[in-house]
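Throughout, residue positions are numbered sequentially from 1 according to the sequence presented.
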Amino acid sequence: MRKWAAAALAAAFAAPAAFAQSPDESGFRYVRPLQAPPGLAAFEPDGILFAHTERELADLRILDSAGRQVPWRLPPLEASTRPPLPVLVLNSGTQEGAAVALLDLGPNAGIHDQVTLDIPERDFVGNVEVSGSDSRKGRFTRLSTTGIYDISGAPPARSTTAVYPPSDFRYLSLRATGVREIAGASVIASRGPQPELLEREPRDVSVRSNTRLTIMTVDLGFRNMPVDEIRVLSSTKLYYRPVQVEASNTGERYVLYAQGRVFRFDESVEATIPLEGRHRYLRLTIENGDDAPLEGLSVEALARPRTVFVSEGFVPPYQLLYGNPRVGAPEYDFAQAEIDPDTAAAATLGREALNPAWEAPEDTRSFTARHPQVIKASLALAAAVLLFGAFLALRRRTGSPSGG
C-alpha cells in the first residue's frame, strides 16, 4: 500500500503541468508560434515581446499542441548576485593627500575581482588605485584604477567599488584620491564564467552639443526594452565628467533614472552606470564644463539575459499568449526545479499576430472618465452662459435711466 502511494505521488510530481488549467484565451491580445523540439527548450525574448507584455513577462502563457498550459521560467536572479565579504583593513591613513589602506584577505583568499570601499564622506569625486601582492613586504602589482564618486541630488548617485582583473592575491593595497579616509572594505569573490550581458542594438542615436552640455538620445526601437547598465565610450584620452540618464517610452516625457560619472585616465577600467530601466528611449546628458565635447562618443545599453526556459514533457509546436494586463505572473513548480541550461534546445519565435479570440474588456469607468471632452465642453458652455448672463445684467444696470 505504501509503495503504491509513493508511486502515485511520484507520478503526480513527474507531470504536474498536465493538470494545469488552460487560460481564457479571449483575454490575451496577441498570439505567436514557438517552434521547438521535444524536451527542455529555451529562447531569448525580442523587442516585440517586451513591448507587448507586462514587466518580466508576467502575462506570458504558453500552450502546447494539445492546448495544455506549459510551465516556463526565467533564469534565477540569485545566480548573478555575489555577497560582499568584509576583510581586515590595516594601516588606514593618508599619504600625499590621498587615503591609503592595506587589505588582508587571509591565507585562503580565493579568486576575487571587486572591492567596495567604506567611505564615510559625502559629495566627493576621485579614483582608487588597486595593487596586489602575496606578501606584505613583497612587490605589489598594479591591477586597476577606477573612478569613485558621491553625488547629491534626486536620485543621488554613489559608487565606491573598484573593479580589477580576477586575482588571488592575499593583500590589496588601496590608494584613493578625493577622500580622506578608508574606514572599511569588502571584497567580492569572482563568480567565474557567467552569461555575458546582452547589448541592445539601438535603432537610432542622436548627439548634440553646446558649450556646456552633450546630449545623447538612444532609441532602442521598442517600448519596455529592459536595460540594466549603460556604458559610455569616447576616444578622448582623458576625461572625468558628470552624466545623468533619463528614460521614456514615448520620447516626450522623460524621467530621471540615474546619475554617475563617465571617465578615462591612465590604466582606468571601463565603468558602467546601473539603470534597471524598461523603456524605449534613453537620454544621456554629459556636463562638459569648460572642456570641449567628448570625441568619438558612443553608448552601449546592456542587459542581463532574460532567457525563457520551457518545461519538458509537452508536445510542440507551442503557442504564446500575451498582452493581458489583468492577469498576474504564473506560479509553476518548474520555477523551483534544477535545470541545466546547457541542455536546453534552442526554440524559435514566429511572427506575432492579433489573437482572433481576443475580446476587448468592458469599460467600467464612469461616464466622466470615458468622455472627458464632453465634460470639458459642458463646463465651457456653462461658463459662457454665466458670462453672457453677467454681461446682460451689467448692460441693464448701466443702461437704466438715472433718477433726478
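Between His279 and Tyr254, the ring center distance fails the sub-6.0 Å criterion.
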Legend entry - Steps toward side-chain contact (heavy atoms from CB on, under 4.5 Å) verdict (Leu297, Ile286): CA-CA 11 Å; Leu297 198 59; Ile286 302 173; 4.0 Å; yes
Inset, instruction - Start with the C-alpha gap between Ser209 and Asn288, add the side-chain angles, then the distance that decides, and say whether side-chain hydrogen bond (donor to acceptor under 3.5 Å, both in side chains) holds. - result: CA-CA 9 Å; Ser209 299; Asn288 297 319; 5.0 Å; no
Legend entry - Candidate pair Leu282 and Met216, rule side-chain contact (heavy atoms from CB on, under 4.5 Å), full reasoning: CA-CA 8 Å; Leu282 301 174; Met216 300 182 65; over 6 Å; no
Inset, instruction - Evaluate the criterion side-chain contact (heavy atoms from CB on, under 4.5 Å) for residue pair Gln259 and Gln244; output intermediate values, then yes/no. - result: CA-CA 4 Å; Gln259 295 186 86; Gln244 70 174 23; 4.2 Å; yes
Inset, instruction - Step by step, work out the side-chain contact (heavy atoms from CB on, under 4.5 Å) result for Arg223 and Phe50. - result: CA-CA 7 Å; Arg223 292 172 54 87; Phe50 285 128; over 6 Å; no
Legend entry - Audit row: Thr161, Thr116, side-chain hydrogen bond (donor to acceptor under 3.5 Å, both in side chains) steps and yes/no: CA-CA 4 Å; Thr161 297; Thr116 298; 2.9 Å; yes
Legend entry - Worked verdict on Arg261 versus Asp150 for salt bridge (Lys or Arg N to Asp or Glu O under 4.0 Å): CA-CA 10 Å; Arg261 293 264 169 170; Asp150 184 278; over 6 Å; no
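Of all the heavy atoms in Gly147 and Tyr240, the pair that sits closest is CA-OH, 3.4 Å. Across all their heavy atoms, Val227 and Ile230 have their closest contact at CG1-CD1, 4.0 Å. Listed here is the closest heavy atom pair of Tyr281 and Gly251: CD1-N, 3.3 Å. When all heavy atoms of Val245 and Leu256 are compared, the closest pair comes out as O-CD1, 3.5 Å. Considering every non-hydrogen atom in both Ala176 and Ile182, the closest pair reads CB-CD1, 4.3 Å. Closest approach of Ile151 and Asp123 over heavy atoms only: C-OD1, 4.3 Å.
Atom CZ of Arg61 sits about 14.0 Å away from atom CD of Gln319, to the nearest 0.5 Å. We find the CH2-CG distance between Trp72 and Leu57 to be 5.0 Å, quoted to the nearest 0.5 Å. How far CG of Leu88 is from CG of Leu102: 8.5 Å, rounded to the nearest 0.5 Å. Interatomic distance, Ile62 CD1 to Tyr332 OH, rounded to the nearest 0.5 Å: 7.5 Å. Separating the CG atom in Asp64 from the CD atom in Gln69 is a distance of 10.5 Å, to the nearest 0.5 Å. To the nearest 0.5 Å, atom OG of residue Ser135 and atom CZ of residue Phe140 are 7.5 Å apart.
At most 12 non-hydrogen atoms from other residues, nucleotides or ligands lie less than 6.0 angstrom from CD of Glu312. Around atom CZ of Arg203, more than 12 heavy atoms belonging to other residues, nucleotides or ligands sit under 6.0 Å away. Heavy-atom contacts from other residues, nucleotides or ligands closer than 6.0 Å to CZ of Arg351 number 12 or fewer.
Residues passing the ring-ring contact (aromatic ring centres under 6.0 Å, His included) test with Tyr322, sequence neighbours excluded: Tyr30. For Ser234, the side chain to side chain donor-acceptor pair (under 3.5 Å) test picks out Thr236, with sequence neighbours left out.
In this structure a side-chain-to-backbone donor-acceptor pair under 3.5 Å is present from Ser248 to Arg253. Proximity of a side-chain donor or acceptor of Arg158 to a complementary backbone N or O of Arg122 within less than 3.5 Å is not detected. Remark: side-chain polar atoms of Asp168 are not paired, donor with acceptor, to backbone N or O of Gly110 under 3.5 angstrom. Between the side chain of Arg175 and the backbone N or O of Asn127, no donor-acceptor pair lies under 3.5 Å. Here the side chain of Thr160 pairs a donor or acceptor atom with the backbone of Leu117 at under 3.5 angstrom. In terms of modelled atom types and a separation under 3.5 Å, the side chain of Asn355 and the main chain of Phe28 share a donor-acceptor contact. With hydrogens and angles disregarded, a donor-acceptor distance shorter than 3.5 Å links the side chain of Glu121 to the backbone of Glu181.
Under the ring pair (Phe, Tyr, Trp, His ring centres under 6.0 Å) criterion, the residue pairs touching residues 106-134 are His112-Tyr164, with sequence neighbours excluded.
In this structure, the side chains of Arg241 and Leu294 come closer than 4.5 Å at one or more pairs of heavy atoms. Looking at Phe43 and Thr348, their side chains never come closer than 4.5 Å, going by heavy atoms from C-beta outward. Using a 4.5 Å heavy-atom cutoff, the side chains of Arg29 and Asn324 are not in contact. With a 4.5 Å cut-off on side-chain heavy atoms, Leu284 and Val232 count as touching. Arg283 places a side-chain heavy atom less than 4.5 Å from the side chain of Ile215. Counting heavy atoms from C-beta outward, Phe314 and Ser65 have side chains that stay 4.5 Å or more apart. When side chains are defined from C-beta on, Ile273 does not count as touching Leu275, because their heavy atoms never get closer than 4.5 Å. Counting heavy atoms from C-beta on, the side chains of Ser186 and Leu85 never come closer than 4.5 Å.
A salt bridge links Asp228 and Arg306; the closest N-O separation between the charged side-chain nitrogens and carboxylate oxygens is under 4.0 Å. Between Asp134 and Arg139 there is no salt bridge, since none of the side-chain N atoms of the basic residue sits less than 4.0 Å from a carboxylate O of the acidic one. The pair Arg212-Asp290 counts as a salt bridge, with a side-chain nitrogen and a carboxylate oxygen less than 4.0 angstrom apart.
Side-chain contact of Glu44 with Thr307: a donor-acceptor pair under 3.5 Å is present, judged by distance alone.
With respect to Arg304, the salt bridge (Lys or Arg N to Asp or Glu O under 4.0 Å) criterion is satisfied by exactly one of Glu229, Glu199, Glu56: Glu56. Exactly one of Asp219, Asn224, Asn249 qualifies for a side chain to side chain donor-acceptor pair (under 3.5 Å) with Arg280. That residue is Asp219.
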